[in-house]
2 protein chains.
Amino acid sequence: MAKKYVYRFEEGHAGMKNLLGGKGANLAEMTNIGLPVPPGFIITTEACKEFYAQGRRFPDGLMDEIREHIRSLEQKLDKVFGDPANPLLVSVRSGAPVSMPGMMDTVLNLGLNDETVEALAHATDDARFALDCYRRFINMFGDVVMQVEHYHFESILQIQKDRRGVPHDHQLTADDWREVISRYKALIEVEAGRSFPQDPMEQLTMAVQAVFNSWYNDRAIVYRKINRIPDDLGTAVNIQTMVFGNMGDDSGSGVAFTRNPSTGERRIYGEYLTNAQGEDVVAGIRTPKPIEELAHHLPDVYRQFRDICELLDRHYRNMQDIEFTIERGRLFILQTRNGKRTAQAAIRIAVDMVNEGLISREEAVLRVEPEQLDHLLHRRIDPEAELEVIATGLPASPGSAAGIAVFDADTAEKLGQDGKKVILVRSETTPDDIHGIVAAQGILTSRGGMTSHAAVVARGMGKPCVCGCEAVRINARERLFTVNGITVRDGDLISVDGSTGRVILGEAPMLDPELSDEFRQLLEWADEIRTLGVRANADTPEDAAKAREFGAEGIGLCRTEHMFMGADRLPLVQEMILAETEETRREALEKLLPLQEGDFYEILKAMEGLPVTIRLLDPPLHEFLPNTEELATEIAQLQLTEPDSPQLREKEELLRKVRALSEFNPMLGHRGCRLGITHPEVYTMQARAVFNATARLVGEGRRVIPEVEIPLVIDAGEFLFLKNMIDQVAAEVQTATGVEFAYSVGTMIELPRAALLAGEIAQEAEFFSFGTNDLTQTTLGFSRDDAEGKFLHRYLEQKILTDNPFAVLDRKGVGRLIKMCIREGRAVRPDLLVGICGEHGGEPNSIEFCHQVGMDYVSCSPYRVPIARLAAAQARVINDGLAKKDYGTK
Amino acid sequence: MAKKYVYRFEEGHAGMKNLLGGKGANLAEMTNIGLPVPPGFIITTEACKEFYAQGRRFPDGLMDEIREHIRSLEQKLDKVFGDPANPLLVSVRSGAPVSMPGMMDTVLNLGLNDETVEALAHATDDARFALDCYRRFINMFGDVVMQVEHYHFESILQIQKDRRGVPHDHQLTADDWREVISRYKALIEVEAGRSFPQDPMEQLTMAVQAVFNSWYNDRAIVYRKINRIPDDLGTAVNIQTMVFGNMGDDSGSGVAFTRNPSTGERRIYGEYLTNAQGEDVVAGIRTPKPIEELAHHLPDVYRQFRDICELLDRHYRNMQDIEFTIERGRLFILQTRNGKRTAQAAIRIAVDMVNEGLISREEAVLRVEPEQLDHLLHRRIDPEAELEVIATGLPASPGSAAGIAVFDADTAEKLGQDGKKVILVRSETTPDDIHGIVAAQGILTSRGGMTSHAAVVARGMGKPCVCGCEAVRINARERLFTVNGITVRDGDLISVDGSTGRVILGEAPMLDPELSDEFRQLLEWADEIRTLGVRANADTPEDAAKAREFGAEGIGLCRTEHMFMGADRLPLVQEMILAETEETRREALEKLLPLQEGDFYEILKAMEGLPVTIRLLDPPLHEFLPNTEELATEIAQLQLTEPDSPQLREKEELLRKVRALSEFNPMLGHRGCRLGITHPEVYTMQARAVFNATARLVGEGRRVIPEVEIPLVIDAGEFLFLKNMIDQVAAEVQTATGVEFAYSVGTMIELPRAALLAGEIAQEAEFFSFGTNDLTQTTLGFSRDDAEGKFLHRYLEQKILTDNPFAVLDRKGVGRLIKMCIREGRAVRPDLLVGICGEHGGEPNSIEFCHQVGMDYVSCSPYRVPIARLAAAQARVINDGLAKKDYGTK
């Protein structure tokens with residue numbers, strides 16, 4: 001028996017991708033579940049391989065099989081290939097086992113020739129349409145099959161339009177198309193050295209050959225190389241009957257979703273046009289009608305369609321996006337795929353489908369992109385609104401806000417107290433601006449990156465912030481900024497979208513966040529599934545409470561320095577830093593102690609029963625001091641105006657001190673535990689504040705779990721030196737208060753050397769928390785603030801890096817260090833607690849990695865806790881093979 | 001038979017350290033090669049172990065053995081323990097198998113009591129001396145053996161001096177000592193609860209017990225723990241006869257070297273004092289006589305001593321430092337050890353000893369500390385000179401220079417042209433100061449670390465430089481600096497020592513470098529032995545020539561940016577940087593091209609036949625621009641004085657541009673190949689300059705080996721992107737010139753991610769060169785400039801780090817990355833060329849590491865090439881076990 005090279009759609013199914021190609025297998029699947037798919041057949045990948053094995057010749061018997069299948073199509077549709085009255089027209093498409101988009105163009109309307117085009121004109125009662133189809137077919141066939149370069153066809157078309165004095169294709173008439181067709185044919189004669197084939201069977205043979213040949217065209221070879229697709233897969237060829245929705249009032253085309261893609265409601269949602277092709281529905285020239293009207297117009301077709309929607313929704317167990325055409329009262333389904341949906345709809349559909357018994361809870365948690373949740377957790381600009389976007393900066397803190405532009409913190413505070421909504425606009429913010437940030441609805445800065453002061457503080461407070469918007473030129477003195485010729489003055493209304501970085505003129509309409517029951521349900525399921533813990537980064541009692549509300553199981557990072565920036569603290573902190581002797585420094589620290597103790601008391605209390613990782617002071621001290629450039633300017637002015645004033649001497653002295661503290665590379669400078677080594681009194685004060693607070697709470701009968709964290713460690717000896725110091729303070733506090741309490745001491749892993757020496761450090765440290773912001777900076781040698789503004793975009797454009805490594809954890813470099821570190825740390829301390837507190841802790845792809853490498857928890861900003869819970873569950877489902885992501889949302 | 005616990009010196013040898021302890025084994029060795037060592041015996045470590053095994057009791061038979069050996073000593077010396085006429089006196093010393101300095105004090109003159117002290121007084125004819133010995137013995141015995149705290153003895157002594165109204169011990173008389181002795185004895189009676197033992201045998205028993213007990217005193221336990229010495233080794237006890245050089249004119253003491261420790265000349269060198277103890281020789285109260293005079297004074301003793309020197313020199317195969325005493329015409333050798341020597345002597349002795357057949361060439365190369373060579377390669381301050389050191393900064397570039405202090409580059413240049421010697425004093429230098437640096441003899445800065453501009457440029461030029469000397473407060477306007485109350489003005493003479501960091505008032509006397517024949521000989525042997533290549537870091541044809549002269553086998557790092565800093569280049573470079581469009585940038589680059597081409601032509605020519613690694617532009621662009629703080633000051637002044645001047649607008653515009661280029665962490669910013677990615681035209685120009693120069697030289701028939709190096713790579717894709725660009729330029733140049741030439745393209749490994757992705761990067765890169773300065777900065781998260789000024793000293797003081805990681809390669813962290821990188825790089829490219837070009841490439845300990853991990857070469861500054869050659873040879877000798885370092889120079 002001869003080998004079978006051709007399959008009818010009815011003979012295949014979705015599992016036959018290797019033989020039938022992806023597209024063919026899907027068409028077969030749809031046909032076999034009973035959908036009225038325009039009939040057709042598939043030439044297998046085996047045929048393609050045989051074609052190449054025989055030196056680009058069709059294998060024996062292939063043409064016979066094709067002819068037989070064409071005959072069977074003719075019978076089924078009562079149309080005949082080349083028939084001048086009722087011609088069969090088909091599309092010819094390639095279809096490899098793996099998707100290779102754009103590798104080869106589709107050939108539509110194959111079967112048209114000088115005769116059958118008239119039949120099409122008659123059937124659709126639209127000669128212009130039929131001729132347009134024909135000229136497109138000749139163009140495509142000439143280009144793809146007969147290798148006549150596309151620009152020749154373009155220029156003929158252009159000449160025709162010029163001649164008519166019209167700019168657009170649709171302004172050409174049927175007669176114009178006739179002229180164009182005649183020139184196209186002449187062109188092919190000249191360029192290809194033979195005439196355009198009029199015989200549909202010849203057209204088909206040539207088209208199939210062209211598809212086979214395209215498997216080894218340059219584009220395809222390169223594409224496979226880049227995507228590591230084996231060369232020997234071969235491509236299938238799909239031949240499918242053309243159907244037309246413009247054959248009269250009993251014809252039409254439409255698109256519909258099996259459920260509402262906006263709300264998730266379980267009801268067909270869609271629209272259609274009578275006597276129209278599919279393109280017309282989306283083109284927007286005629287206004288489509290709601291799908292429900294089909295019930296009145298063609299009730300049988302509507303019923304059939306409704307049943308099909310139900311069938312597809314159940315079969316694919318996902319909301320479907322369906323394209324259909326009705327040709328003379330007969331319904332054809334052209335395509336079905338998982339439909340795009342809003343976050344809200346995604347959640348509702350997933351939860352509903354579990355309740356309907358269609359999918360498991362594990363599948364449900366895979367149905368929502370964790371990032372989508374972000375939209376639901378913040379106020380956002382109405383996506384329907386028309387906006388005047390005047391600039392785009394870095395999306396530094398999600399959510400949106402509108403208010404009047406204000407150029408200094410004091411005014412922001414004053415107006416805020418008066419109940420005005422303000423957006424604080426600054427070139428960059430400093431700790432001196434905190435009261436303004438607190439009072440503002442949102443922040444806009446022209447300098448600084450995702451880790452700049454403004455960004456960090458705004459994220460901590462959950463306020464929208466756009467940073468590093470360099471197009472905005474701020475003139476603080478004149479209280480205005482200009483951007484692309486537009487001037488925004490003090491008091492003008494603007495809006496900022498911290499999720500996208502957009503800056504908008506005027507007050508953009510906003511949507512409030514809504515947390516539905518389904519949202520809570522889905523996250524409950526996620527919690528049941530996930531094995532990875534989720535904590536929050538929180539520095540204040542308010543944040544801690546918010547985090548707990550969002551489901552955080554502890555605090556993974558409490559940054560004590562943010563407490564240093566409060567208006568009541570900063571002067572004391574500056575006093576401490578500028579102290580010339582250890583004694584005066586101790587005095588300043590004495591004053592800070594009760595304030596820090598109060599902070600820790602409230603935070604530990606808010607997280608009663610849950611662990612709280614408290615990081616000792618981390619940033620370089622000069623971050624708390626004024627800027628040298630500003631000081632130099634003030635001094636230069638004073639030198640000219642008041643050369644003998646004591647103010648000048650004071651400023652000069654201050655500048656000298658600030659300069660002495662300033663650093664070439666603060667990121668790699670005198671910060672983190674290096675401060676604890678050189679100024680033990682600072683860490684001692686902080687440890688005392690933690691333990692005093694702990695002792696008070698334990699004394700009140702509360703269960704609190706403080707974890708003291710030493711930042712920026714590079715060596716076991718360094719860690720031990722500081723741990724001993726902390727243990728001693730704990731012992732002193734226990735003796736002084738008579739209260740026994742438990743605590744642990746661990747470290748951040750945020751420098752490569754710490755990761756490389758994990759085995760030694762874990763002998764002393766009880767927990768590791770990966771500070772992946774810093775670890776990424778040092779492993780890649782990328783200063784985030786500099787990279788994002790200056791060169792990272794080129795790396796992404798050139799695809800040297802696939803993702804921003806500060807957003808998505810760099811698995812190859814940083815990830816390798818993390819894996820080594822965990823392995824070697826746990827080798828010496830099997831119960832080592834391991835977490836992550838860098839911003840990657842809230843990013844789904846990175847969370848998957850954290851799950852894979854066996855971390856105990858991720859920690860992220862309170863507003864990302866729901867995202868992390870969902871992502872952690874997805875990581876578990878996928879890695880343990882509990883469900884497949886095949887039916888995702890894209 | 002009872003176990004043997006006591007050995008006479010004659011019964012042991014150097015190989016018995018475990019049983020006899022280090023000191024005992026050495027005394028035995030000296031005795032056995034026939035030296036007249038004061039006789040004695042050793043109680044073994046076995047006895048100590050047994051002492052502990054039996055609950056701190058002497059093992060059976062030990063006391064009998066000791067008594068027997070004392071008897072034998074008495075016979076040999078014709079003295080008797082406790083004899084009032086001719087008493088035997090001994091010393092008792094601990095001696096563990098491993099040196100544990102300071103663990104227990106020595107007890108001298110044991111055997112003295114109220115009677116024997118009179119005998120000693122008589123024999124030495126010096127009652128005061130005898131009583132002084134006695135009171136010291138009582139003090140030591142009371143403290144060490146009887147646990148009476150030392151301060152009690154001190155206060156008795158102080159009271160006696162106060163009573164006499166004299167400040168110094170030596171001003172007390174014999175009668176004073178008698179009083180002190182009587183009070184000491186009373187003190188012991190009260191504090192120890194028993195009287196000071198008068199019986200020498202009892203003294204000895206108690207002293208031996210005390211030594212055993214000291215093995216487990218707190219100090220010793222901690223010392224062993226820190227140094228990982230096992231607790232169960234135990235200590236031996238050495239009992240040796242005391243001899244006295246102050247027993248008349250036929251007695252004396254002296255020290256001598258078997259060769260001249262200053263020049264290495266093969267001739268005994270030493271001095272002695274008649275009728276004196278060893279302390280007197282070094283005390284400097286009497287002037288010792290040259291050893292040769294002994295030949296007249298005591299000819300037999302001199303001959304015997306000369307023969308012993310010869311014997312020891314040959315036996316230990318190293319120059320010996322010998323202490324001797326003559327007691328009544330009888331010579332005793334008290335100690336011999338390897339003598340300390342100057343670099344010059346070390347070299348001469350090593351070479352002579354090879355020629356004398358005493359040691360192998362392999363041993364010879366181990367005899368000179370590589371770092372010592374540094375002194376011979378630079379002018380240095382006469383170590384004998386008395387100096388007024390007014391401050392100490394960082395030793396940024398070795399060598400010394402004197403000149404008049406000058407506070408700006410223009411004056412330095414002018415005075416330099418007039419033939420004046422100047423020291424350029426600046427808070428920090430910038431590219432604008434280059435002409436001043438060129439003209440100066442040396443540089444002094446008050447800010448900046450070992451990698452600051454001044455340091456890097458000075459090292460490159462081989463000029464002495466002291467950096468970051470923060471005690472120096474410079475007032476550039478007044479043209480002076482103050483330091484610790486001293487003011488140095490423009491024109492005052494100062495000296496700088498860039499090898500130690502010292503700043504000296506006035507003109508310090510200098511010694512010129514001298515390269516002896518022996519020096520060359522030793523380095524030739526080193527070259528024969530070593531397998532590790534040695535290249536130099538050189539940026540100019542002059543440096544390249546110097547490097548070649550010092551034996552460099554190529555250039556491992558040619559920094560193209562230093563070429564950008566020349567006075568003729570800087571304006572063009574600034575024009576290029578500030579260009580607003582790619583076009584104007586290209587114009588500036590066009591002007592730079594011929595200049596760079598000329599540089600490369602000369603350097604490649606100077607290194608004809610040897611490889612030259614040319615690194616493309618590395619530093620951030622703003623390093624070539626003025627400082628923002630200075631600009632801000634100028635602008636503030638102009639705003640008040642000339643608010644409408646075009647100058648002000650210009651400066652403001654410049655500030656805006658400089659600010660836009662300025663970075664938060666330049667070390668991690670827009671530099672290295674990131675410039676090549678964002679500004680391909682810069683790298684293209686540089687590649688063209690390299691290949692144009694190559695083509696010209698090849699056209700002239702010269703063999704040149706350019707290796708183009710891409711800095712700061714983190715990814716294989718990034719490397720490939722740039723390599724393709726470079727290959728294309730090479731092809732263009734080959735086509736344009738018609739000259740074929742070979743070249744390679746490789747990368748620096750200076751960021752952790754590059755090391756972690758070595759396997760991928762090596763697929764594309766032909767060589768790796770470790771930039772360990774940057775790799776150390778990122779692996780440890782230490783900005784060198786900030787760390788060295790602000791916190792590194794604390795890490796060294798606290799012994800958290802044993803070495804400055806920028807000086808000595810951090811093997812645990814950075815080294816681990818390097819090992820991984822080489823292993824994985826060579827796995828995919830077995831012939832991958834691997835070198836190091838960070839400053840560690842010139843540091844001996846780091847060079848040993850480079851040898852161990854299989855690098856092909858190290859590269860260092862030209863002046864360190866000889867050091868590296870020697871260190872590389874030593875690494876080979878030690879790692880391949882070709883000779884032992886036992887007989888080192890210390």
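Because only heavy atoms are used, hydrogens play no part in the values below, and waters and symmetry mates are left out as well, while side chains stay in. So you know, we letter chains A, B, ... as the sequences are listed, proteins then strands, and number each from 1. Bear in mind the structure is a predicted one, so any value in this text is a computation, not a measurement.
- Of the listed residues Thr641(A), Leu675(A), Leu751(A), the one with more heavy-atom pairs under 4.5 angstrom with chain B than any other is Leu751(A).
- Interface remark: Glu470(A) contributes no atoms to any contact with chain B (heavy atom separation under 4.5 Å).
- With a 4.5 Å cut-off on non-hydrogen atoms, Ala632(A) touches chain B through its backbone and its side chain both.
- Chain B forms more heavy-atom pairs under 4.5 Å with one residue of Leu712(A), Val814(A), Ile714(A), Leu780(A) than with any other, namely Leu780(A).
- Considering only heavy-atom pairs separated by less than 4.5 Å from chain B, the leading option among Ile635(A), Leu801(A), Asp810(A) is Asp810(A).
- Under 4.0 Å is where a charged nitrogen must lie from a carboxylate oxygen, and between Arg659(B) and Glu428(A) no such pair does.
- Heavy-atom pairs under 4.5 Å with chain B were tallied for Ile677(A), Leu720(A), Leu817(A); the largest tally goes to Ile677(A).
- Contact of Leu775(A) with chain B is not made at all, since no heavy-atom distance falls under 4.5 Å.
- Leu756(B) is not listed as a side-chain neighbour of Lys812(A), based on a closest heavy-atom distance of 4.5 Å or more.
- Counting heavy atoms from C-beta outward, Leu668(B) and Asp786(A) have side chains that stay 4.5 Å or more apart.
- Most heavy-atom pairs under 4.5 Å with chain B: of the set Ala660(A), Gly669(A), Gly717(A), this distinction falls to Gly669(A).
- Top candidate by heavy-atom pairs under 4.5 Å with chain A, chosen from Glu750(B), Gln639(B), Arg473(B), is Arg473(B).
- The closest donor-acceptor contact from the side chain of Asp785(A) to the backbone of Phe664(B) lies at 3.5 Å or more, if one exists at all.
- Met667(A) is not listed as a side-chain neighbour of Met667(B), based on a closest heavy-atom distance of 4.5 Å or more.
- Under the salt bridge (Lys or Arg N to Asp or Glu O under 4.0 Å) criterion, the residue pairs touching residues 796-805 of chain B are Arg794(B)-Glu797(B), with sequence neighbours excluded.
- Closest approach of Thr778(B) to Gly781(A), counting heavy atoms only: CG2-CA, 4.3 Å.
- For Glu718(A), the parts lying under 4.5 angstrom from a heavy atom of chain B are both the backbone and the side chain.
- Both the backbone and the side chain of Phe782(A) come within contact range of chain B, with heavy atoms under 4.5 Å apart.
- The two residues Arg447(B) and Ser662(A) come nearest to each other via the heavy atoms NH2-OG, 4.1 Å.
- Taking a cutoff of 4.0 Å between a charged side-chain nitrogen and a carboxylate oxygen, Glu824(B) and Arg816(A) qualify as a salt bridge.
- The minimum heavy-atom distance between Phe791(A) and Thr678(B), with the atom names listed, is CB-CG2, 3.6 Å.
- For Asn665(B) against Ser783(A), the heavy-atom pair with the smallest separation is ND2-OG, 3.3 Å.
- Using a 4.5 Å cut-off between heavy atoms, Asp774(A) makes no contact with chain B at all.
- Chosen from Pro620(B), Pro666(B), Ala716(B), the residue pairing most often with chain A at heavy-atom distances under 4.5 Å is Pro666(B).
- Listed here is the closest heavy atom pair of Ala636(B) and Gln637(A): CB-CG, 4.2 Å.
- Using a 4.5 Å cut-off on side-chain heavy atoms (C-beta onward), Arg674(A) and Lys790(B) make no contact.
- Side-chain contact between Tyr795(B) and Asp715(A): absent, with no pair of heavy atoms (C-beta onward) separated by less than 4.5 Å.
- Heavy atoms closer than 4.5 Å to chain A are found nowhere in Glu634(B), neither backbone nor side chain.
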